[in-house]
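Reading through the structure tokens given below for one structure.
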Amino acid sequence: MIKITTIVENTVVKARFRAEHGLSMLIEKDKEAVLFDTGQTDALIHNAKLLGIDLSKINKVILSHGHYDHVGGLKYLLEFTKPKVYAHPEIFRKRYSRLSDDGNLRYIGIEDREFFEKKGAEFILSEEPIEVIDGLFTTGFERMRTDFEEVDKNFVYEKDGEYVKDEVEDDMSVVIKTRHGLFVLFGCAHRGIVNIMLDAEEKFKEKVFGFLGGTHLGPASENQRKKTIETLKRMDLKIMGPSHCTGLLMTSRMYCEFGDRVIFNNVGTVTIIE
Ligand SMILES: [Fe+2]
Ligand SMILES: [Fe+2]
């Protein structure tokens with residue numbers, strides 16, 4: 001049995017939990033646990049306590065990419081545990097968004113490697129897939145394949161003193177092998193959910209039957225949104241849990257298309273895969 005508990009997400013529908021722009025999900029499988037992303041602040045600690053999750057027992061963390069809303073909670077987690085942290089080698093880029101209230105670039109990256117290592121994180125950086133626990137893998141680098149998905153145009157990073165377009169090459173997702181096929185967890189899916197699922201199917205030689213996580217369809221173009229929905233229809237997925245950067249409008253649109261196959265994944269949602 002696989003149990004996925006959403007600890008941090010943009011939406012809260014139950015009392016006392018904290019919502020924030022961010023994502024963190026705990027995956028439990030065969031008595032092992034892996035934390036996927038850490039949210040933006042100490043909401044991770046607050047919500048985990050309410051959910052009865054003992055953070056001191058977490059010894060494996062996967063980071064989806066180097067944006068503050070997925071890694072910001074790590075420094076708080078490191079006060080409870082000194083885990084192995086799996087990520088892509090490009091996760092520490094100094095990255096910015098062009099979208100800001102004052103017209104300046106807004107810093108959306110994370111602290112540097114040494115900052116986390118001093119607090120006890122042990123990084124395992126790889127652009128290849130890694131089996132983190134039995135049957136649960138990182139995707140490694142996600143290749144772009146579709147002609148309708150693109151990385152957010154507002155992202156840049158500092159390279160040799162210049163700002164260049166950030167293709168978020170460090171974006172990684174989680175793939176779990178189940179008896180129904182592959183189940184995928186996205187952080188923000190900056191390289192496109194269809195790209196990521198097709199990439200996973202090629203790497204792991206099985207079909208995807210469901211996903212949970214950020215799809216970045218909220219800020220995507222209408223063309224990307226429409227073609228993604230068309231493709232999802234063909235893929236005939238059984239569980240879809242669009243979250244975080246999907247936005248309520250796009251999540252509602254998916255619910256209208258796919259009905260009960262869409263889960264409204266927010267803080268405290270538990271997804272069980274038998
Ligand atoms: Fe995000
Ligand atoms: Fe992101």
Side-chain angles (χ1 to χ4, degrees), residues 4 6-12 18-26 35-44 47 61-77 85-100 105-111 138-142 144 149-158 163-174 184-196 211-221 224-225 228 240-251 264-267 269:
I4 302 162
T6 300
I7 309 178
V8 179
E9 209 268 335
N10 296 43
T11 316
V12 154
R18 259 167 62 189
E20 69 179 15
H21 176 69
L23 190 65
S24 176
M25 296 184 275
L26 181 71
L35 188 70
F36 181 47
D37 284 344
T38 63
Q40 183 186 151
T41 68
D42 60 350
L44 172 70
N47 292 345
V61 176
I62 299 172
L63 297 175
S64 64
H65 63 301
H67 279 160
Y68 70 104
D69 52 326
H70 296 255
V71 182
L74 181 59
K75 58 177 175 286
Y76 301 101
L77 179 71
V85 181
Y86 298 81
H88 185 284
E90 289 296 318
I91 192 166
F92 298 106
R93 280 181 182 175
K94 295 292 163 214
R95 54 215 332 166
Y96 300 83
S97 170
R98 290 189 194 282
L99 293 179
S100 64
L105 291 178
R106 182 167 63 97
Y107 189 69
I108 56 170
I110 61 175
E111 293 89 348
T138 63
T139 54
F141 175 71
E142 297 153 337
M144 302 293 278
E149 292 178 303
E150 58 182 357
V151 178
D152 200 314
K153 288 191 183 72
N154 293 301
F155 294 160
V156 293
Y157 75 104
E158 246 178 280
Y163 293 113
V164 297
K165 169 99 199 295
D166 188 0
E167 296 292 339
V168 198
E169 281 91 343
D170 54 319
D171 194 277
M172 293 203 309
S173 306
V174 168
V184 182
L185 276 81
F186 306 120
C188 271
H190 284 302
R191 296 174 66 80
I193 64 168
V194 178
N195 278 324
I196 295 168
F211 71 78
L212 285 183
T215 66
H216 217 69
L217 286 169
S221 68
Q224 179 170 342
R225 295 174 181 193
T228 300
M240 286 169 269
S243 332
H244 178 47
C245 43
T246 308
L248 295 181
L249 206 61
M250 193 58 198
T251 304
F264 187 45
N265 181 40
N266 53 62
V267 180
T269 300

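Ligands are counted one by one from 1 in listed order, and the atoms in each one are counted from 1 as well.
Residue-level check: among N/O/S atoms of His190, NE2 sits closest to the Fe ion (ligand 2).
Near-neighbour remark for the Fe ion (ligand 1): protein N, O or S atoms under 2.8 Å are Asp69 OD2, His70 NE2, Cys188 SG, His244 NE2; waters not counted.
Judged as a side chain to side chain contact (heavy atoms under 4.5 Å, CB included), and not counting sequence neighbours, the contacts of Asn10 are His21, His244. Legend: residues meeting side chain to side chain contact (heavy atoms under 4.5 Å, CB included) with Glu167, ordered by chain and number and at least two apart, are Val151, Lys165, Glu169, Arg191. Every residue meeting the side chain to side chain contact (heavy atoms under 4.5 Å, CB included) condition with Tyr107, not counting sequence neighbours, appears here in chain and number order: Lys94, Tyr96.
Within the 4.5 Å cutoff, the side chain of Ile4 has no heavy atoms near those of the Phe36 side chain.
Note on ring orientation: taking the six-membered ring where Trp is involved, the planes of Phe211 and Phe186 are tilted (angle from 30° to 60°).
Checked against His65 for a side-chain hydrogen bond (donor to acceptor under 3.5 Å, both in side chains), the options His88, Glu90, His190 give a single hit: His190.
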